[in-house]
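Below is one structure; the comments refer to it alone.
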Amino acid sequence: MEQNEKQEKMQMCRHSLSHVLAKAIKNLYGNENVKLAIGPAIDNGFYYDFDMPSITADKYDEIEKEMKKILNANEPFRREELSREQALELFKNEPYKVELINDLPDEETISVYYLGDNFVDLCRGPHVENTSKLQSYAYKINRVSGAYWKGSEKNKMLQRVYVYAFPDKKQLTEYINQIEEAKKRDHRKLGKELDLFFFDETAPGMAYWLPKGFTMMNTLIDFWRKEHKTRDYLEFSAPQLNSSVLWKTSGHWDHYKEDMFVLTDVDGNEQALKPMNCPNSIKIYQSKMRSYKDLPLRLNDIDVIHRNEKSGQLNGLFRVRMFRQDDAHNFIRRDQIGSEIKSIIDLINKLYGVFDLPHILTLSTRPEDFMGEIETWNEAEKELKAVLNDLCGENNYRINEGDGAFYGPKIDIKMKDCLGREWQMGTIQLDFQLPERFDLTYVDSNGEKARPIMIHRAIFGSFERFIGIITEHFAGAFPLWLAPVQVRVMNISENSADYAQEIFAKLNEKGFRAEIDIRNEKIGYKIRECVGQKIPYMIIVGDGEKENGTISIRGRGNENQSGLLLDDFIARLQEEIKTFKK
């Protein structure tokens, strides 16, 4: 069975199980006490929203047993199509279903699914034929949380029951173990423990970067800059605040205004903090006449940008309101599309390879709220498919229909971490629209004006989000080149404190990020503290090391060595940093 078919079947089974959950809740709590909302399948199972008395954790087993009873009864799923009037009558005591029915377009087919003879739900389907098809499935209630009806805080708070569901017990167990491991690696927890960053209620969705975290941020940025400089990218900086005129010209005002921080200046003019960098890149392009010889013109910047994300969507560094996007906008001629995208993908492979992060490419096509002519979109999608076919081979990449940007199709980069979790990372977006809207031109080889094409691209996505991801990927044990503290020097006794100071001074002289601990504490205590901070290397010196002019080291992975010369160890560290050793 093809992967897509397997996924569709699993989603159908999960959605069918959501109806089983709803019936079990009705059976246990009483039909009159439970009002049904919605119950979709999701990536790890399903959830269902109920308007009902509180469900506490001590009731989870009872609900799961009732679900099992329904599954063992081998009850059929039966579909019926109803008129709007029939549907409203059937669900007259279910206010949320009535609202959903009234929201449906006039031409919409209204269908319901019966589960046995005593439960019915409004649903498009599809579902399995019979609950016997679900008996091999393993499921477990994960949690119950509040969820506003239709996601609006103006509506009533419902109870959302989340359930893990997988085709068998082995897959469920593996997933739960993965979740437990992910909790240990949670970047918000590690960020606090390792003194990297924190969040405060006075600035929701905006990280406070502590010195160690900001050191790591700058190390990552320096690495990013070096790789871009070798590929002829030109870095610039632009205003944080722009007139609404700019955002109206770009189309962001119509398509993105609700996610922008909009304010009015002292003269009454409408302004917005930039949610993205593309219009400012365009302004840089427009600052002088461009020739075909100037293209490709690769402009990159890492200015802070702001997006007015809803508070319920904020999630550590993964979803923030202020961040630094690893952005670039490449202005090219039409005949340079293929070579430029290949060059970008080559850079992606280099940067991801340093972190040993496997990734796949996905083509995202025209969305419903697209801007421009369909013919132009078709041409752009054709160009991207040709590049992907050439690089990956036909059918060796994903297609995500309708998920393109409003101004053009894109190639998205999906990355897997060490736990097998998939992340949406960078993007390469082909844009024929903004050059048209801003009337961008260059002088071609015939001395005529021509229109450039614009490529929007980010590789890490944002530095904040990428740091959050690799914090979990490495569980806070960052590779030496990136670690905020690379070496900590410790003395065993007061007699060797001066020798520890000498070593610390030499490490600093050589440019390492080093710390020293010469407190009057037992060495075992110092070592445990250093291990907790996940520092790559410890240098430990006592009377013997001082007398012999050597050092002892402890490295992550239980490495222990004595009698080393400091210069030899420094050479080793330099080689590890140079080769980006994991």
Side-chain angles (χ1 to χ4, degrees), residues 184-200 203 205-229 235 300-305 315-320 322-327 350-357 415 417-418 423 425-426 458-489 504 507-508 510-517 529-538 555-556 573-574 576-582:
K184 298 175 190 174
R185 295 167 177 260
D186 189 312
H187 72 283
R188 293 163 295 189
K189 172 176 171 285
L190 290 171
K192 186 174 182 180
E193 291 175 358
L194 303 180
D195 290 328
L196 302 178
F197 61 87
F198 67 88
F199 290 89
D200 186 82
M206 303 182 189
Y208 281 83
W209 286 94
L210 296 166
K212 288 181 181 178
F214 204 54
T215 293
M216 192 165 71
M217 168 80 77
N218 284 327
T219 302
L220 186 62
I221 289 173
D222 288 344
F223 164 64
W224 182 89
R225 280 186 168 133
K226 180 180 177 182
E227 291 299 326
H228 282 72
K229 187 175 181 180
E235 187 173 352
N300 65 293
D301 65 303
I302 53 172
D303 285 344
V304 171
I305 58 180
N315 180 15
L317 294 176
F318 295 158
R319 197 72 176 265
V320 290
M322 182 186 80
F323 57 97
R324 299 157 183 82
Q325 195 160 33
D326 72 319
D327 225 347
K350 170 68 185 292
L351 297 187
Y352 280 32
V354 164
F355 296 92
D356 200 20
L357 298 173
M415 179 276 286
D417 66 12
C418 65
W423 301 89
M425 300 293 287
I459 296 175
F460 294 147
S462 80
F463 288 103
E464 281 80 355
R465 186 168 179 269
F466 188 73
I467 287 174
I469 289 170
I470 61 173
T471 298
E472 299 196 358
H473 177 70
F474 292 115
F478 301 105
L480 180 68
W481 72 272
L482 185 61
V485 178
Q486 295 169 321
V487 187
R488 182 178 288 177
V489 184
F504 174 64
L507 290 170
N508 278 329
K510 293 293 184 179
F512 294 105
R513 297 188 289 276
E515 288 183 344
I516 186 168
D517 184 353
E529 192 173 71
C530 194
V531 169
Q533 285 294 297
K534 302 180 185 288
I535 296 170
Y537 288 104
M538 304 172 228
R556 290 193 304 231
L573 295 181
Q574 289 170 333
E576 285 191 22
I577 291 169
K578 179 181 176 182
T579 57
F580 300 107
K581 185 177 178 181
K582 311 297 185 296

Shortest non-hydrogen contact from Asp326 toward Phe460: OD2-N, 2.7 Å
Any donor-acceptor N/O pair, Glu472 side chain to His187 backbone, under 3.5 Å: yes
Do the side chains of Arg465 and Met425 get nearer than 4.5 Å, heavy atoms only? yes
Using only atom types and a distance under 3.5 Å, with no angle test, would you say the side chain of Gln486 pairs donor to acceptor with the backbone of Tyr537? no
Taking C-beta and beyond as the side chain, do Cys418 and Arg185 meet within less than 4.5 Å on heavy atoms? yes
Has Arg513 got a side-chain atom pairing as donor or acceptor with Trp481's backbone, closer than 3.5 angstrom? yes
Taken to the nearest 0.5 Å, the spacing of Asp303 CG from Asn300 CG works out to 10.5 Å
Once you round to the nearest 0.5 Å, how far does CD1 of Ile221 lie from NE2 of His228? 12.0 Å
How many angstroms lie between CG in Leu480 and CD in Glu576, if you round to the nearest 0.5 Å? 5.5 Å
So Thr471 and Leu317, do their side chains get closer than 4.5 Å, heavy atoms only? no
Does any part of the side chain of Leu194, heavy atoms only, come nearer than 4.5 Å to the side chain of Lys212, both counted from C-beta? no
When you compare the side chains of Asn315 and Arg188, does any donor N or O come within less than 3.5 Å of an acceptor on the partner? yes
Classify the angle between the aromatic ring planes of Tyr208 and Phe198 as parallel (below 30°), tilted (30 to 60°) or perpendicular (above 60°). parallel
Using a 3.5 Å distance criterion without hydrogens, assess whether the side chain of His473 forms a donor-acceptor pair with backbone atoms of Ile469. no
Nearest atoms (heavy-atom pairs only) where Thr215 meets Pro484: CG2-O, 4.2 Å
Nearest heavy-atom neighbours spanning Gly476 and Lys534: C-CD, 3.4 Å
Between Glu515 (side chain) and Arg488 (backbone), is there a donor-acceptor pair under 3.5 Å? no
Yes or no on side-chain contact (heavy atoms from CB on, under 4.5 Å) for Glu464 and Met322, after CA distance, side-chain angles and deciding distance? CA-CA 9 Å; Glu464 281 80 355; Met322 182 186 80; 5.8 Å; no
Rounded to the nearest 0.5 Å, the CE atom of Met216 sits from the OG1 atom of Thr219 at a distance of 8.5 Å
How many angstroms lie between atom CG of Leu196 and atom CG of Leu190, to the nearest 0.5 angstrom? 8.0 Å
Please confirm whether the backbone N or O of Glu193 pairs with a side-chain atom of Gln533, one donor and one acceptor, at under 3.5 Å? yes
Measure the CD-CZ distance between Gln325 and Phe463 for me, rounded to the nearest 0.5 Å. 10.0 Å
Determine whether a donor-acceptor pair (N or O, by modelled atom type, separation under 3.5 Å) exists between the side chain of Asp301 and the backbone of Glu235. no
Does the side chain of Leu351 reach to within under 4.5 Å of the side chain of Phe223, using non-hydrogen atoms? yes
After noting the C-alpha distance and the side-chain angles of Ile467 and Trp209, does the key distance pass the side-chain contact (heavy atoms from CB on, under 4.5 Å) rule? CA-CA 12 Å; Ile467 287 174; Trp209 286 94; 3.9 Å; yes
Mind checking whether Phe474 and Phe355 have parallel, tilted or perpendicular rings, split at 30° and 60°? tilted
Given Phe199, Phe323, Trp423, Phe466, the one that forms ring-ring contact (aromatic ring centres under 6.0 Å, His included) with Phe318: Trp423
